[in-house]
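In what follows, a structure is listed as structure tokens, so that the remarks can point back to it.
All values below come from the heavy atoms of this structure, side chains included, with hydrogens, waters and symmetry mates left out.
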Amino acid sequence: MALVKLLVTIAITTAITIAVITNRTTTVAYTSSGAPGTQTTRPSRFLAQKEVGERNPNAAEHCNKDPEICNGGGGSNSTVTCCNNKCIDVASDDKNCGACKNKCKFSQTCCRGQCVYLSYDKRHCGQCNHPCEQGELCVYGLCNYA
């Protein structure tokens, strides 16, 4: 019973602390260096405000406006292309195999831009680019099983 009271007390204290912190907005009138006499809200010490138009350095590169972003110096042999505003390697992505929105079936894997069954494909037995020897069969992902 004492443990339950302790947990309830901790939960209530945490809830009150969170409510007080989120409701506390610090609005201090200070002048910015650009325009004297203008009042702005002071940025929180946890969430710094960004300047308008400033790009987040952690944001992903979106390729819908510039598909050349995906090449990244890979040259003409690169299999990375722009699919749904993201750079995707169509040689190995199961949802965009060989081309955008070409989804492999259940239990298939994308190897070199083709959907294959790793359990039974002689060219990709058990994993991509693992061919079986001449005359061997691929069964359950193993060459020459049994």
Side-chain angles (χ1 to χ4, degrees), residues 1-28 30 32-34 39-146:
M1 189 67 180
L3 181 62
V4 173
K5 286 183 181 179
L6 178 66
L7 291 175
V8 169
T9 305
I10 292 172
I12 291 172
T13 305
T14 305
I16 291 172
T17 304
I18 291 172
V20 168
I21 289 173
T22 56
N23 287 336
R24 183 185 303 167
T25 56
T26 307
T27 315
V28 178
Y30 69 95
S32 63
S33 60
Q39 291 184 356
T40 58
T41 58
R42 183 175 149 209
S44 167
R45 64 186 175 128
F46 297 110
L47 302 173
Q49 293 178 347
K50 294 188 301 182
E51 294 293 323
V52 177
E54 183 180 335
R55 188 176 182 285
N56 182 358
N58 295 330
E61 293 288 340
H62 297 292
C63 59
N64 63 343
K65 295 179 182 173
D66 186 15
E68 293 299 317
I69 291 173
C70 298
N71 288 346
S76 60
N77 293 336
S78 177
T79 57
V80 178
T81 187
C82 184
C83 295
N84 289 338
N85 201 20
K86 296 176 190 153
C87 294
I88 303 290
D89 186 3
V90 294
S92 62
D93 187 47
D94 291 342
K95 295 178 183 169
N96 301 287
C97 186
C100 293
K101 297 183 181 179
N102 185 22
K103 191 174 180 180
C104 292
K105 294 178 183 175
F106 179 73
S107 77
Q108 284 186 331
T109 303
C110 186
C111 294
R112 294 185 181 173
Q114 295 178 338
C115 293
V116 296
Y117 291 101
L118 294 179
S119 297
Y120 303 105
D121 193 311
K122 286 195 257 186
R123 298 167 297 151
H124 308 282
C125 190
Q127 64 184 10
C128 288
N129 305 322
H130 182 261
C132 291
E133 296 292 326
Q134 185 73 23
E136 292 182 344
L137 296 175
C138 179
V139 181
Y140 302 119
L142 298 170
C143 293
N144 225 12
Y145 179 74

Tell me whether [X] contacts the main-chain N or O of [Y] through its side chain, where contact means a donor paired with an acceptor under 3.5 Å.
| X | Y | result |
| --- | --- | --- |
| Q114 | C111 | no |
| D89 | A91 | yes |
| N102 | C97 | yes |
| H130 | H124 | no |
| N96 | K101 | yes |

[X] [atom1] to [Y] [atom2] distance, which is reported to the nearest 0.5 Å:
| X | Y | atom1 | atom2 | value |
| --- | --- | --- | --- | --- |
| I88 | T81 | CD1 | OG1 | 9.5 Å |
| C115 | K105 | SG | NZ | 9.0 Å |
| C100 | K86 | SG | NZ | 11.5 Å |
| C132 | K122 | SG | NZ | 8.0 Å |
| L7 | L3 | CG | CG | 4.5 Å |

Give the intermediate values and the outcome of side chain to side chain contact (heavy atoms under 4.5 Å, CB included) for residues Q108 and V116.
CA-CA 5 Å; Q108 284 186 331; V116 296; over 6 Å; no

Give the minimum heavy-atom separation between T9 and T13, together with the two atoms involved.
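Minimum heavy-atom contact is O-OG1, 2.7 Å.
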
Heavy atoms only: give me the nearest C110-G98 pair and the separation to one decimal.
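Closest pair (atom of C110, atom of G98, distance): SG-N, 4.4 Å.
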
Mark yes when over 12 heavy atoms from residues, nucleotides or ligands other than Y140 sit less than 6.0 Å from its OH; otherwise mark no.
no

Considering only NZ, NE, NH1 and NH2 on the basic side and carboxylate oxygens on the acidic side, decide whether K95 and D93 come within less than 4.0 Å.
no

Can you find a heavy atom in the side chain of [X] that is under 4.5 Å from one in the side chain of [Y]?
| X | Y | result |
| --- | --- | --- |
| R112 | N129 | yes |
| C138 | D121 | no |
| L137 | N144 | no |

